[in-house]
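Here is how names work: the chains are called A, B, and so on, in the same order as the sequence lines, proteins then strands, and each is numbered from 1.
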Number of protein chains: 4
Amino acid sequence: MNAPHPATLLRQQLYRDMAPHHLTPLWEVLHALVPPQPGTPCVPALWKYEDVRPFLMRAGEAITAEEAVRRVLILENPSLRGQSAVTQSLYAGLQLILPREVAPSHRHTQSALRFIVEGSGAYTAVDGERTTMRPGDFIITPSWTWHDHGSEADGPVVWLDGLDIPMVRFFDAGFAENGAARSQDVSRPEGTSLARYGHNMVPVRHEPPFGATSPIFSYPYDRSREALEQLERHAPVDAWDGVKLRYVNPLTGGWPMPTIATFMQRLPAGFHGKGFRQTDGAVYSVVEGEGEVAIEHGDNSYAFRFGPRDHFVIPSWHTARLTSARGCVLFSFSDRPVHQALGIHREERLS
Amino acid sequence: MNAPHPATLLRQQLYRDMAPHHLTPLWEVLHALVPPQPGTPCVPALWKYEDVRPFLMRAGEAITAEEAVRRVLILENPSLRGQSAVTQSLYAGLQLILPREVAPSHRHTQSALRFIVEGSGAYTAVDGERTTMRPGDFIITPSWTWHDHGSEADGPVVWLDGLDIPMVRFFDAGFAENGAARSQDVSRPEGTSLARYGHNMVPVRHEPPFGATSPIFSYPYDRSREALEQLERHAPVDAWDGVKLRYVNPLTGGWPMPTIATFMQRLPAGFHGKGFRQTDGAVYSVVEGEGEVAIEHGDNSYAFRFGPRDHFVIPSWHTARLTSARGCVLFSFSDRPVHQALGIHREERLS
Amino acid sequence: MNAPHPATLLRQQLYRDMAPHHLTPLWEVLHALVPPQPGTPCVPALWKYEDVRPFLMRAGEAITAEEAVRRVLILENPSLRGQSAVTQSLYAGLQLILPREVAPSHRHTQSALRFIVEGSGAYTAVDGERTTMRPGDFIITPSWTWHDHGSEADGPVVWLDGLDIPMVRFFDAGFAENGAARSQDVSRPEGTSLARYGHNMVPVRHEPPFGATSPIFSYPYDRSREALEQLERHAPVDAWDGVKLRYVNPLTGGWPMPTIATFMQRLPAGFHGKGFRQTDGAVYSVVEGEGEVAIEHGDNSYAFRFGPRDHFVIPSWHTARLTSARGCVLFSFSDRPVHQALGIHREERLS
Amino acid sequence: MNAPHPATLLRQQLYRDMAPHHLTPLWEVLHALVPPQPGTPCVPALWKYEDVRPFLMRAGEAITAEEAVRRVLILENPSLRGQSAVTQSLYAGLQLILPREVAPSHRHTQSALRFIVEGSGAYTAVDGERTTMRPGDFIITPSWTWHDHGSEADGPVVWLDGLDIPMVRFFDAGFAENGAARSQDVSRPEGTSLARYGHNMVPVRHEPPFGATSPIFSYPYDRSREALEQLERHAPVDAWDGVKLRYVNPLTGGWPMPTIATFMQRLPAGFHGKGFRQTDGAVYSVVEGEGEVAIEHGDNSYAFRFGPRDHFVIPSWHTARLTSARGCVLFSFSDRPVHQALGIHREERLS
């Protein structure tokens, strides 16, 4: 073995000398810092509901909602274990509430969505208004807004929680407070927000109640499904997405939350989607029906068969293809609003 | 009588000398040009439907829809006769279509709204999609978009037309074209626009079909009335407006057209509204119920009793008070978007 | 001569019967209301400074600034005499202030610009700050802001006033107040606004002082000319406009006022511009040099030779061609911001 | 020692059983995920130029610019060693270019700023235009824009690089390409961008050349210093910030880059600033003069004396106080635009 090159020695001595000054040479890491294309550490993953549900029920026995504050099993990306993250920027979990339980009121900087997976009759309360949760409903608990929930159902109620926790942690901007009361007072009847903002009309005089977040905090499934069905009848099916709608903030036409985009799509029976990739990683919740997603990234390929209540994640810049023999409905969320605000969103549709 | 003051003579000679050069002294007209408050030439007016309808029916005998192109009786402000204007900036008229008639396709820079007053079963076609018209529906024919209409109804169908004709004329920006065919081809099923944009969701990939105008070109009355009724149950009644909603463009949260704001409001039974005034003059169409509007301006006062299908105008900066013993629903439109874009909108609510 | 057709008689009787009800038939006027292209009543016009100046000086003898409040000769469009309008929506005038005169403080809804034509040493005060006026400076007195002016110059000072008076009158939204004091107190040193907002930097904490109007109320000519000269060296000359810049509100990148666009352009020596037309009518003030504008509209054509301090107007949708043998600098203003806000702006560049 | 509680055992068994399914209990980590206030891992740090400069010069001997591609010593936050990060979301480094060196052309998704620290006569080329670098100049190399640099100076030229590298990595959205040529062709004379966009005027017809990034890619120090000096004379000094301006994108009035805010501030002689904290961590470069920053966070306190060309970092939600006996000028940058876009920015000013 030869002696190291004198230039190498010179550099190594320099690195050693400057290290105590918190200096490090860019040229040794430049390629990794400014890669030719995204090299996310995340991997694709699937959580079958039949696998997860027993653990949820055991959690129901192991801890009360009140003690847990939020009784949630976090869906951790297999390559991000210990980070409470489903992608680098997003958090996902499945939450269980049992009959007669109440989860205490708190508020935090982090924005949260709930997508109802199983059971009816629990409620979420936001800023003095309750909304009943039914499967397929998309509900928001806006940033820095008091929220709690409870159940008057006969059986367990489960939903997907999606939050921007990793993002807010990364930007060092998280604040939180616990409420004084166990649950907040109800000051408005259920349905007020939807009545005010949900019909393509808004009150003449009003302040946006949740700032940049949608004033509608509950988007019921019966309306979303109707929209998808009408669109499937009336418009051509997209070769990549099937029939795909995004939820909007009716006060801006933009995303319902500044940090998270949400979508619902229908793959018609017999759909064989073309491949696509995008920089925003996305989490999917299967609402109805069955299908398959094939995901490729470099030399790795994955194929997940999914059915109702299953969840899966497609990481950034992974090529995905969706297919469905009998048709299905998918809800999904991603960090696209941030990619767009930062001017770094890209997508590619393969032909 | 004394001789004129020498300074006066000097000025008059100056005025005479410079007049051929298209020069005129500001100081003789300054007060009128920059008045302490708006001195609109418009006056309040009421058109009772029982008075107008016979003339509409006679018009139906006197001219065909095809010959008239648009068979409309213009509601002219009594102080703006000959100008085809209901306020200085807006046009209003009542249009009649008879069974089996077709009004030919054209397009123009001017934005138009239709608010259906009587009869069901006629249709408006916009950009390849038809919408059936029913009383209380609010329909848009966007700027520079092909539109036509026809009737498959059994009887007469009548609607209020609201346009920005005087505004576009004032800014010298009107263009128009007649269609080659008698009526445009239908390229999309009825309901497509509402399915795409009407459910607080929008297609992931789309271009706004009508630029700055709402992609929903028909806002059906059953949805608007439901929104009003829910809001009346769920939120406090405003002391000036009752329960008042504005229509929104779901892609922006703003007005449905860049030049015209539209509203629907409900005065609950027993409502005695407080006085208000605003710089935008407004035209009202009574949808259901009865009521009264009292209007004051300087030394003049007006009081109009109104019932279903009546129309009235409240001019700029006139103080108005709305009352209703048995409750009513009112549609209205004004030029508020322009006042806001120009930074000149003002309103005042009397206590 | 034959008897009128029975249908004609029927219609005429209908028109007579409904006229007292303030109803009029659209079909008799539709073509005029919705014309195939703009048919502005305005005509092109030129005001030679050598013709206007003597009248300004005579006005200086005939009335004091204090008595006149604003000693201005209005440039009236020859076809809009008596309307105090240079185009349908804009007002223009030439204002004179003599040594030691003061024009009293007032404020109004109308937005105003001043473009300095002759003389140095007078000042405009806006919201507690004075700015000295020099030829070529573009100054704003924002909507509803106290402003006054006076002169410490040795000789007469003259500027072009441009206002949105006809527009605000048309929309019935004009308010005005006279100040209690003869002239407002000076609360900030001259140059404060430019220091805060003029260097592509703005104070970290500030409220826009004039709402939607630019916080810079004085754009000095030395900076504008430098911008034009640099651009002439560094970028290709536009075949229609020469080298043309628009003034911007540094807080938005948009127009300096919500109602008026302002421009400065340089035609290089030997420039023969191609023809263009646009829906916004424009008023020009010649800053330096000489040139010619040829204007065509239907069968009419006009050719104006212009030199320093001359003013001319190009009405809506008139085709104009600018030429300059020895080079010149032109300031201009139009109502383009309103055309754009209303979605009705069009322009055409002939090849 | 007692045996564990049965409930504890139950939970531990649950955790073990579900771990292979990539499930983890929220309730064990909730407090850390949703903390009462930001608990950044970053610490305050100071890099004295006299310490760093010798290493830069040794780097100049150890590697050529061409071999290094970018010869930069990264300023690593002492608590984020190995992450190439100065705060969690930002990168900072000091770059050296020696006479006659050229650094090759490349482009990347990441946005970069250069703030010139020492030496004159090197240039940055962006999109075909070169700008000469002088101390105090703030220069942008916009996202996905070709850029290179070289030096025609007599001695070393050093600048601060600020990038959003950690942010783009976190969101998995980084792309990069190397140029075919060693350095790009020059297609426009130096000064073109400033001439087009730097004088509160912009070309009438233009497309924003760099999307959401400022079209001015060089903000020269002579203009920024003049703005600060004028403002110090004309406006009150802020008790927390002294005289502080933010750089703006003249096409929007917003930040110069979508991901990074930049500021320049002057502390007058004798300034003793009050304490403040904000969620965006900031990096400072001392332009002129001397001063001190005291930083507190929980039980920790830091005090840094700084002079010309020193650099320091104030992490998120650390309370900082700036003082200067003889006056100084500071440049700084932070990730505030992202905090604002995400709706999570907070700041607090102590009284």
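- Proximity to chain D is limited to the side chain of A/Glu67, based on heavy atoms less than 4.5 angstrom apart.
- Of the listed residues A/Val72, A/Thr279, A/Thr213, the one with more heavy-atom pairs under 4.5 angstrom with chain D than any other is A/Val72.
- Contacts between D/Leu30 and chain A at a heavy-atom distance below 4.5 Å involve the side chain alone, from C-beta outward.
- Both the backbone and the side chain of A/Leu23 come within contact range of chain D, each with at least one heavy atom under 4.5 Å from a heavy atom of that chain.
- Interface residue A/Arg81: only side-chain heavy atoms are found under 4.5 Å from chain D.
- Both the backbone and the side chain of D/Ile63 come within less than 4.5 Å of a heavy atom in chain A.
- A pairwise comparison of heavy atoms in A/Phe333 and A/Gly162 identifies CZ-CA, 3.6 Å as the closest pair.
- Each of A/Phe170, A/Trp27, A/Tyr91 has some count of heavy-atom pairs under 4.5 Å with chain D, and the biggest count is that of A/Phe170.
- Using cut-offs of 30° and 60° on the angle between ring planes, the pair D/His21 and A/Phe55 is tilted.
- Ranking A/Arg70, A/Glu61, A/Lys48 against chain D, the residue ahead of the rest is A/Arg70, based on heavy-atom pairs under 4.5 Å.
- The most heavy-atom pairs under 4.5 Å with chain D, out of A/Glu177, A/Arg71, A/Met257, come from A/Arg71.
- D/Pro337 approaches D/Pro258 most closely through the heavy-atom pair CB-O, 3.3 Å.
- Using a 4.5 Å cut-off between heavy atoms, A/Ile165 contacts chain D through its side chain alone, with no backbone atom that close.
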For a side chain to side chain donor-acceptor pair (under 3.5 Å) check, start with the C-alpha distance between D/Trp159 and D/Asp161, then their side-chain angles and the critical distance, and finish with the verdict. CA-CA 6 Å; D/Trp159 62 84; D/Asp161 275 326; 2.9 Å; yes
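- Among A/Pro25, A/Ala212, A/Ser111, the residue making the largest number of heavy-atom pairs under 4.5 Å with chain D is A/Pro25.
- Using a 4.5 Å cut-off between heavy atoms, A/Pro166 contacts chain D through both its backbone and its side chain.
- Not a single donor-acceptor pair under 3.5 Å links the side chain of D/Gln110 to the backbone N or O of D/Gly174.
- To the nearest 0.5 Å, atom CD1 of residue D/Ile74 and atom CE of residue A/Met18 are 8.5 Å apart.
- Only the side chain of A/Ser84 has a heavy atom closer than 4.5 Å to any heavy atom of chain D.
- With a 4.5 angstrom heavy-atom cutoff, A/His339 touches chain D only via side-chain atoms.
- Within the 4.5 angstrom heavy-atom criterion, atoms from both the backbone and the side chain of A/Met167 approach chain D.
- Side chain of D/His147 to main chain of D/Thr145: a donor-acceptor pair is present (N/O by atom type, distance under 3.5 Å, no hydrogens or angles).
- Heavy atoms closer than 4.5 Å to chain A are found in the side chain of D/Asp51, but not in its backbone.
- Note: D/Trp144 and D/Phe175 have perpendicular aromatic rings, judged against thresholds of 30 and 60 degrees for the angle between ring planes.
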For A/Ser316 and D/Asp172: C-alpha separation, side-chain torsions, deciding distance, then whether side chain to side chain donor-acceptor pair (under 3.5 Å) applies. CA-CA 6 Å; A/Ser316 169; D/Asp172 287 325; 4.7 Å; no
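- Residue contact with chain D, scored on non-hydrogen atoms closer than 4.5 Å, involves the side chain of A/Thr259 exclusively.
- Contact annotation for A/Leu163: neither backbone nor side-chain heavy atoms come within less than 4.5 Å of a heavy atom of chain D.
- When heavy atoms are compared at a cutoff of 4.5 Å, A/Ala341 approaches chain D by way of both its backbone and its side chain.
- To the nearest 0.5 Å, the span separating CG on A/Asp148 from OG1 on A/Thr141 amounts to 10.5 Å.
- In this structure, chain A has a heavy atom under 4.5 Å from the side chain of D/Arg346, while its backbone stays farther away.
- Contact annotation for A/Asp335: only side-chain heavy atoms (C-beta onward) come within less than 4.5 Å of a heavy atom of chain D.
- The shortest heavy-atom contact between A/Gly60 and A/Leu98 is O-CD1, 3.8 Å.
- How far CD of A/Gln278 is from NE2 of A/His345: 5.5 Å, rounded to the nearest 0.5 Å.
- Below 30°, between 30° and 60°, or above 60°: for A/Phe304 and A/Phe312 the angle between ring planes is between 30° and 60°, a tilted geometry.
- Of the atoms belonging to A/Val29, it is side-chain heavy atoms, and not backbone ones, that fall under 4.5 Å from chain D.
- A/His22 and D/Trp47 have perpendicular rings, their planes meeting at more than 60° on a 0 to 90° scale where under 30° would count as parallel.
- Ranking A/Leu10, A/Thr24, A/Thr8 against chain D, the residue ahead of the rest is A/Thr24, based on heavy-atom pairs under 4.5 Å.
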